[in-house]
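Accompanying notes for the structure given below.
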Amino acid sequence: MSRFLPLTIRFVSGGTMVVSSIADAKKALGGEWKDKKAPDYLAAARLVDDAMAGICRPAVAFAAFKKAAAQQGLLRSADPSAALSMLDALWSRDGKSPPD
């Protein structure tokens, strides 16, 4: 099981990759980005390297990676999970809104 909720990245070349770990983030940073000289990209690359070396918390590095990908428009919207789709189907069949 991965440590982070998966992100789907769509590279400039059109290819996609699911990223759910620091190792995945490192691999994705090697893909085709719009601007590898952007400050957020460079910060994410440094923090991912630091996390792999054990000198940065993985959550901080993953958040930086997600921010860099979002700022370059590489994050692909996630489809609802199978469980959420089932709950939506049950709710729409019942016709009642969930309790507040």
Side-chain angles (χ1 to χ4, degrees):
M1 181 162 192
S2 63
R3 180 177 173 120
F4 304 103
L5 291 175
L7 305 173
T8 301
I9 304 296
R10 177 174 291 268
F11 296 107
V12 173
S13 63
T16 61
M17 178 180 176
V18 175
V19 178
S20 61
S21 69
I22 294 299
D24 291 344
K26 175 74 174 170
K27 184 176 178 183
L29 286 165
E32 292 185 47
W33 289 59
K34 290 180 182 178
D35 183 4
K36 287 191 174 186
K37 293 181 182 178
D40 287 325
Y41 174 90
L42 295 172
R46 187 186 85 251
L47 290 169
V48 165
D49 285 342
D50 288 352
M52 292 186 80
I55 57 174
C56 174
R57 288 186 13 227
V60 171
F62 200 80
F65 172 82
K66 183 177 179 179
K67 179 181 177 186
Q71 287 192 335
Q72 293 201 26
L74 301 182
L75 278 185
R76 195 165 165 209
S77 61
D79 294 329
S81 68
L84 184 57
S85 296
M86 288 172 36
L87 286 173
D88 285 344
L90 288 172
W91 177 78
S92 65
R93 208 176 343 164
D94 185 1
K96 297 178 185 174
S97 59
D100 290 331

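Not measured: the values here are computed from a predicted model.
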Mind checking the [atom1]-[atom2] spacing from [X] to [Y]? Nearest 0.5 Å is all I need.
| X | Y | atom1 | atom2 | result |
| --- | --- | --- | --- | --- |
| Asp49 | Lys26 | CG | NZ | 3.5 Å |
| Ile9 | Leu74 | CD1 | CG | 6.0 Å |
| Arg76 | Arg10 | CZ | CZ | 4.5 Å |

At their closest point, which heavy atom of [X] faces which heavy atom of [Y], and how far apart are they?
| X | Y | result |
| --- | --- | --- |
| Ala44 | Ala68 | CB-CB, 4.0 Å |
| Ala28 | Val19 | CB-CG2, 3.8 Å |
| Met17 | Phe11 | CB-CE1, 3.7 Å |

| Phe65: which of Phe4, Tyr41, Trp33 passes ring-ring contact (aromatic ring centres under 6.0 Å, His included) | Trp33
Is [X] linked to [Y] within one hydrophobic cluster, defined over Ile, Leu, Val, Met, Phe, Trp and Tyr using a side-chain heavy-atom separation of less than 4.5 Å?
| X | Y | result |
| --- | --- | --- |
| Leu47 | Phe62 | no |
| Val18 | Val48 | no |
| Leu7 | Val60 | no |

| request: Look at the side chain of Gln72 and the backbone N and O of Lys34, then say whether any donor-acceptor pair between them is shorter than 3.5 Å. | output: yes
| query | Between Lys36 (side chain) and Gly31 (backbone), is there a donor-acceptor pair under 3.5 Å? | reply | yes
